[in-house]
Amino acid sequence: MSAKRPAPPLPEPLTPLVDAHTHLDACGATDAASVAEMVDRAAEVGVGRVVTVADDLDAARWAVRAANWDDRVYAAVALHPTRANALDDAARTELEKLAADPRVVAVGETGLDYYWPGKLEGCADVETQIEGFRWHIDLAKRIGKPLMIHNREADHDLLTVLLDEGAPETVIFHCFSSDANMAVSCVAEGYVLSFSGTASFKNAHELREAVRVVPDEQLLFETDAPYLTPHPYRGAPNEPYCLPYTVRAVAEIRGQDPGELAEISTANARRIYRFGRG
């Protein structure tokens, strides 16, 4: 994302849509008024619900507040795998309390990130990430909510931990970015794959192949805003209102009608996150 590029224009509306994973705080929202402004902008183009996701404890507290400020906003809470070294007893206790809030629809984002260790100062090492991931899996199962996964360069180990621990009833691979083989493996386990703006990138050949193999009922869409702005606005600031660009790009790859794909993905989001129409 670059502040030098202007924000993308509002896309042609595509209704209904749900942004299955975004970060409203990182997009610049701070209070109820700014959350409402951001979600209003999304609603103008058909995005009627958003799930704002935490990656640390402060963000988790904020996400739950935001979800209680606006009935179009829901939350997911967890510690990002790169921050798993902050998952002490106090953090676990608070995350359990936050995850139990009725406005929290998933435990996430959690998982494994093998890209950042050794590159990012303070990043949790692999063993600590795996331990944290196991705890989040257990939490999701105990409270009966979906598990929202962050996976970066850790396909094999991530599937192994899920198999070893026993996956929750619903597992969502946020911002799926692996190849078609990994997609087929996830689909076979009944996991849900959520696609972001990366699926619209013309050079993402393996990911675009993965997009084609996911059954309709195991597919979601997300922005992961403010990151991963879809083509042709790559590098510009992202927001939930940009979601129709991604849905139209994926519809073209899959040979489906964008309106039909919007309906399908929104029905999936309502079922998976257990919220009402919108």
Side-chain angles (χ1 to χ4, degrees), residues 17-24 48-55 59-60 63-64 66-68 71-81 84 87 92 95-113 132-152 154 158-159 161-178 182-183 185-196 214-224 240 243 264-278:
L17 284 176
V18 172
D19 187 347
H21 183 117
T22 191
H23 301 270
L24 296 182
R49 295 283 188 273
V50 305
V51 179
T52 192
V53 181
D55 56 10
V64 174
N68 281 279
D71 63 8
R72 299 167 296 178
V73 178
Y74 297 82
V77 299
L79 291 193
H80 191 280
L87 191 61
R92 294 178 192 219
L95 280 172
E96 290 192 10
K97 182 179 179 181
L98 291 168
D101 189 286
R103 301 295 298 175
V104 172
V105 295
V107 173
E109 57 186 282
T110 181
L112 299 176
D113 189 313
F133 185 31
R134 291 183 188 276
W135 182 84
H136 283 94
I137 292 170
D138 178 67
L139 175 61
K141 291 195 289 189
R142 283 191 282 115
I143 66 175
K145 293 183 179 180
L147 182 74
M148 181 186 287
I149 285 179
H150 169 102
N151 170 32
R152 190 164 185 185
L158 203 148
L159 291 179
V161 173
L162 282 172
L163 182 64
D164 185 46
E165 288 293 311
E169 180 180 353
T170 303
V171 174
I172 303 160
F173 273 73
H174 127 74
C175 188
F176 186 85
S177 56
S178 301
M182 179 63 170
S185 296
C186 291
V187 166
E189 295 295 332
Y191 303 154
V192 177
L193 278 56
S194 181
F195 292 101
S196 72
V214 182
D216 285 353
E217 64 273 12
Q218 289 172 257
L219 179 145
L220 291 174
F221 290 108
E222 64 174 82
T223 58
D224 198 22
L243 190 61
I264 289 167
S265 64
T266 297
N268 291 343
R270 290 170 180 156
R271 181 186 77 250
I272 291 162
Y273 291 133
R274 301 173 192 165
F275 50 67
R277 298 189 63 83

Inset, instruction - Test Asp101 against Asn68 for side chain to side chain contact (heavy atoms under 4.5 Å, CB included), laying out the working first. - result: CA-CA 10 Å; Asp101 189 286; Asn68 281 279; 3.6 Å; yes
Legend entry - Check: Leu87 main-chain N/O paired with Arg92 side-chain donor or acceptor under 3.5 Å: yes
Inset, instruction - Mark yes or no for whether Gln218, through its side chain, and Val187, through its backbone, hold a donor-acceptor pair below 3.5 Å. - result: yes
Inset, instruction - With sequence neighbours excluded, tell me which residues meet ring-ring contact (aromatic ring centres under 6.0 Å, His included) with Phe173. - result: Tyr191
Legend entry - Partners meeting side-chain hydrogen bond (donor to acceptor under 3.5 Å, both in side chains) with Thr52 (sequence neighbours left out): none
Inset, instruction - Would you mind reporting whether Phe133 and Leu147 have side-chain heavy atoms less than 4.5 Å apart? - result: yes
Legend entry - Backbone of Glu217 reached by a side-chain donor or acceptor of Arg271 within 3.5 Å: yes
Legend entry - Heavy-atom side-chain proximity of Val105 to Pro146 below 4.5 angstrom: no
Legend entry - Partner set under ring-ring contact (aromatic ring centres under 6.0 Å, His included) for His21, not counting sequence neighbours: His23, His174
Inset, instruction - Determine whether Leu162 and Ile149 make a side-chain contact, defined as any pair of heavy atoms from C-beta on separated by less than 4.5 Å. - result: yes
Inset, instruction - Just jot down the side-chain hydrogen bond (donor to acceptor under 3.5 Å, both in side chains) partners of Glu165, sequence neighbours excluded, or say none. - result: Arg134
Inset, instruction - For Glu96, enumerate each residue passing the side-chain hydrogen bond (donor to acceptor under 3.5 Å, both in side chains) test, keeping only those at least two apart in sequence or located in another chain. - result: Arg142
Legend entry - Asn268 and Val192, any side-chain heavy atoms less than 4.5 Å apart: no
Inset, instruction - Go through the structure and list residues passing side-chain contact (heavy atoms from CB on, under 4.5 Å) with Ser194, not counting sequence neighbours. - result: Ala20, Ile172, Leu220, Glu222
Inset, instruction - Applying side-chain contact (heavy atoms from CB on, under 4.5 Å), name anything that partners Asp216, two or more places apart in sequence or on another chain. - result: Arg254, Gln256, Ile264
Inset, instruction - Side-chain contact test, heavy atoms from C-beta onward, threshold under 4.5 Å: evaluate it for Tyr273 versus Tyr74 and give yes or no. - result: no
Inset, instruction - For the residue pair Cys186 and Val214, establish whether any side-chain heavy-atom pair is separated by less than 4.5 Å. - result: no
Legend entry - Which residues share a salt bridge (Lys or Arg N to Asp or Glu O under 4.0 Å) with Arg152, sequence neighbours left out: none
Legend entry - Heavy-atom donor-acceptor pair, His136 side chain to Leu79 backbone, under 3.5 Å: yes
Legend entry - Validation row: Val171, Glu189 side chains within 4.5 angstrom (heavy atoms): no
Inset, instruction - Please answer whether the main-chain N or O of Thr223 pairs with a side-chain N or O of Asp19 as donor and acceptor at a distance below 3.5 Å. - result: yes
Inset, instruction - Output all residues satisfying side-chain contact (heavy atoms from CB on, under 4.5 Å) with Ala99, sequence neighbours left out; order by chain, then residue number. - result: Val77, Leu139, Ile143
Inset, instruction - Please name all residues satisfying side-chain hydrogen bond (donor to acceptor under 3.5 Å, both in side chains) with Arg103, sequence neighbours left out, ordered by chain then number. - result: none
Legend entry - Contacts of type side-chain contact (heavy atoms from CB on, under 4.5 Å), residue Ser178, not counting sequence neighbours: Asn151, Asp155, Phe176, Met182
Inset, instruction - Return the set of residues passing salt bridge (Lys or Arg N to Asp or Glu O under 4.0 Å) with Asp113 (not counting sequence neighbours), or none when no residue passes. - result: none
